[in-house]
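The next block holds one structure in the form of structure tokens; read it before the comments.
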Amino acid sequence: MMEQVLKCLVIDDDPDVNAYVCDMVVQTSFLDLAGSLDNAQAALSEMENGAIDLLILDINLPGVDGVTFAGTLKELPARAAPRVILISGSGEHALAGYKVDAIDYLLKPFTYEAFYKAALKARNLSKAPAAAVANDHLFLKVEHDLVRVDINEIKYLESARDYVKVVTNGSTIIALSTMKALEEKLKGHRFMRVHRSFIINLDKIDAIQHLTVRFGKTVIPVTEQYRDAFKAVFSDWL
């Protein structure tokens with residue numbers, strides 16, 4: 001059986017780093033170097049036609065920075081959106097990398113071993129079957145009404161006896177439901193239970209400190225029962 005090969009584009013404005021990463025791509029049997037660039041804007045045309053499977057992207061770029069550019073890839077059709085490995089000379093952007101669905105974050109100067117492990121993640125994700133499309137909204141019972149809520153607007157859910165407090169980007173909804181029922185409805189989305197009383201949207205976290213997460217001024221602890229699962233999700237960033 002032929003080995004799956006990923007077409008790879010390197011974007012870094014430092015010529016030495018760009019050449020170093022390109023050499024690593026060439027050394028990796030399941031990667032095919034499609035090209036290298038020194039800015040993100042020039043990559044858009046190649047992204048749109050689905051010609052690139054993997055993007056190795058520096059964060060500190062002139063013009064549009066790497067994190068901002070990676071965020072725009074979500075707007076591409078699913079068939080055209082490449083996997084992204086972010087690289088940087090600083091670890092301060094690791095959480096931002098997670099929020100744009102980067103599959104790994106490599107801190108310069110990184111070894112070929114670290115690069116190879118990241119590339120393997122990209123290959124394994126590309127092999128995985130596409131997940132079924134989940135609903136993008138749910139209806140919450142609020143007094144006598146059913147209120148529609150877009151799931152990607154939800155920050156976190158908090159249990160309140162016979163009710164659940166659903167905190168969104170713009171409001172707080174007190175819904176007649178149970179945490180278990182809503183947890184089931186949120187399957188297939190990036191939500192995680194971190195406490196008996198809290199379910200959080202992993203893409204809405206503002207900050208992580210030790211074993212707590214913060215949404216604005218709200219600090220939510222990750223209790224012992226859920227710590228292993230939480231650490232596994234963030235193992236590449238913490």
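Residues take their numbers from the sequence shown, with the count starting at 1. Owing to the predicted nature of the structure, the values given are computational and were not obtained by experimental measurement.
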Problem - Side-chain touch F198/T223, heavy atoms, less than 4.5 angstrom - result: no

Exercise for the section: Please confirm whether the backbone N or O of E153 pairs with a side-chain atom of D150, one donor and one acceptor, at under 3.5 Å? Expected result: no

Handout entry: Close side-chain approach of I56 to F115, heavy-atom, < 4.5 Å
Key = yes

Exercise for the section: Taking the side chain as every heavy atom from C-beta outward, state whether D65 and N60 have any pair of such atoms under 4.5 Å apart. Expected result: no

Problem - Approximate separation, where rounding is to 0.5 Å, of I151 CD1 and R148 CZ - result: 9.5 Å

Problem - Backbone N/O of N152 and side chain of K204: donor-acceptor pair under 3.5 Å - result: yes

Practice task
Find out if a path of hydrophobic residues (ILVMFWY) with successive side-chain heavy-atom gaps under 4.5 Å connects L33 to V21.
Solution key: yes

Handout entry: Separation between CD of E224 and CG of L211, rounded to the nearest 0.5 Å
Key = 10.0 Å

Practice task
Kindly check if the number of other-residue, nucleotide or ligand heavy atoms within 6.0 Å of NZ (K141) is above 12?
Solution key: yes

Practice task
Determine whether more than 12 heavy atoms belonging to other residues, nucleotides or ligands lie under 6.0 Å from atom CD of Q27.
Solution key: yes

Problem - Over 12 non-hydrogen atoms of neighbours within 6.0 angstrom of CZ in F215 - result: yes

Practice task
Dump the intermediate steps for salt bridge (charged side-chain N to carboxylate O under 4.0 Å, His left out) on D53 and K7, then the final yes or no.
Solution key: CA-CA 5 Å; D53 302 306; K7 288 191 173 295; over 6 Å; no

Exercise for the section: State, with a plain yes or no, whether a side-chain heavy atom of Y163 is found less than 4.5 Å away from one of S177. Expected result: no

Practice task
Output yes when a side-chain donor or acceptor of R227 lies under 3.5 Å from a complementary backbone atom of V222, and no otherwise.
Solution key: yes

Problem - Interatomic spacing from NE2 in H195 to CD in Q225 - rounded to 0.5 Å - result: 10.0 Å

Problem - Side-chain donor or acceptor of D38 paired with backbone N/O of D12 under 3.5 Å - result: no

Handout entry: I52 CD1 to L9 CG distance, which is reported to the nearest 0.5 Å
Key = 5.0 Å

Handout entry: Check against side chain to side chain contact (heavy atoms under 4.5 Å, CB included), N124 and K121
Key = CA-CA 5 Å; N124 292 339; K121 289 183 186 179; 5.9 Å; no

Handout entry: Any donor-acceptor N/O pair, R214 side chain to K217 backbone, under 3.5 Å
Key = no

Problem - V149 vs T168 side-chain heavy atoms within contact, under 4.5 Å - result: yes

Practice task
Answer yes if V166 and I220 sit in the same cluster of Ile, Leu, Val, Met, Phe, Trp and Tyr residues linked by side chain heavy atoms under 4.5 Å apart, and no otherwise.
Solution key: no

Exercise for the section: Given side chain to side chain contact (heavy atoms under 4.5 Å, CB included), test R193 with F191 step by step and report yes or no. Expected result: CA-CA 7 Å; R193 195 157 195 158; F191 284 78; over 6 Å; no

Handout entry: Expected output: side-chain N169 to main-chain K155 donor-acceptor under 3.5 Å
Key = no

Handout entry: pair K185-L182: side-chain heavy atoms closer than 4.5 Å
Key = yes

Problem - Co-membership, hydrophobic cluster, residues V167 and V147, 4.5 Å side-chain - result: no

Fill in the blank from the handout: Output for pair (D13 CG, N39 CG), nearest 0.5 Å, gives 9.0 Å

Handout entry: Within-4.5 Å side-chain heavy-atom neighbours: P82 and L54
Key = no

Completion exercise
For N18 and S36 the tightest heavy-atom approach is OD1-CB, 3.1 Å

Handout entry: Which atom of A114 lies closest to which atom of L106, heavy atoms considered
Key = O-CD2, 3.9 Å

Practice task
Taking D32 for its side chain and V5 for its backbone only, find out whether a donor-acceptor pair lies under 3.5 Å.
Solution key: no

Practice task
Identify the two heavy atoms, one from L31 and one from A119, that lie closest to each other, and give their separation to 0.1 Å.
Solution key: CD1-CB, 4.0 Å

Problem - Distance, nearest 0.5 Å, that separates OG1 of T72 from CD of Q41 - result: 10.0 Å

Handout entry: Salt bridge E184-K180, side-chain N to carboxylate O under 4.0 Å
Key = no

Completion exercise
Note: I103 and A118 closest approach over all heavy atoms is CD1-O, 4.0 Å

Handout entry: Stepwise side chain to side chain contact (heavy atoms under 4.5 Å, CB included) check, M192 with F230
Key = CA-CA 8 Å; M192 173 178 283; F230 181 80; 4.0 Å; yes

Problem - Backbone of T212 reached by a side-chain donor or acceptor of H210 within 3.5 Å - result: no

Exercise for the section: Ignoring hydrogens and angles, state whether a donor on the side chain of Y112 or T28 is under 3.5 Å from an acceptor on the partner side chain. Expected result: yes

Problem - Criterion side chain to side chain contact (heavy atoms under 4.5 Å, CB included) on F69 and L55, from CA distance to verdict - result: CA-CA 11 Å; F69 182 70; L55 191 62; 3.7 Å; yes

Problem - Stepwise ring pair (Phe, Tyr, Trp, His ring centres under 6.0 Å) check, Y116 with F30 - result: CA-CA 10 Å; Y116 185 79; F30 54 85; 5.7 Å; yes

Fill in the blank from the handout: Note: V219 and P221 closest approach over all heavy atoms is O-CD, 4.0 Å

Handout entry: Qualifying residue for side chain to side chain contact (heavy atoms under 4.5 Å, CB included) with I11, from I87, L61, D58
Key = L61

Problem - Shared hydrophobic cluster for L57 and V67 (ILVMFWY, side-chain gaps under 4.5 Å) - result: yes

Problem - Minimal non-hydrogen separation, A175 against L140, with atom names - result: CB-CB, 3.9 Å

Practice task
Group every Ile, Leu, Val, Met, Phe, Trp and Tyr by side-chain heavy-atom contacts under 4.5 Å, then state whether I59 and L37 land in the same group.
Solution key: yes

Exercise for the section: Flag the pair I173 / K165 as yes when at least one side-chain heavy-atom distance between them is below 4.5 Å, and no otherwise. Expected result: no

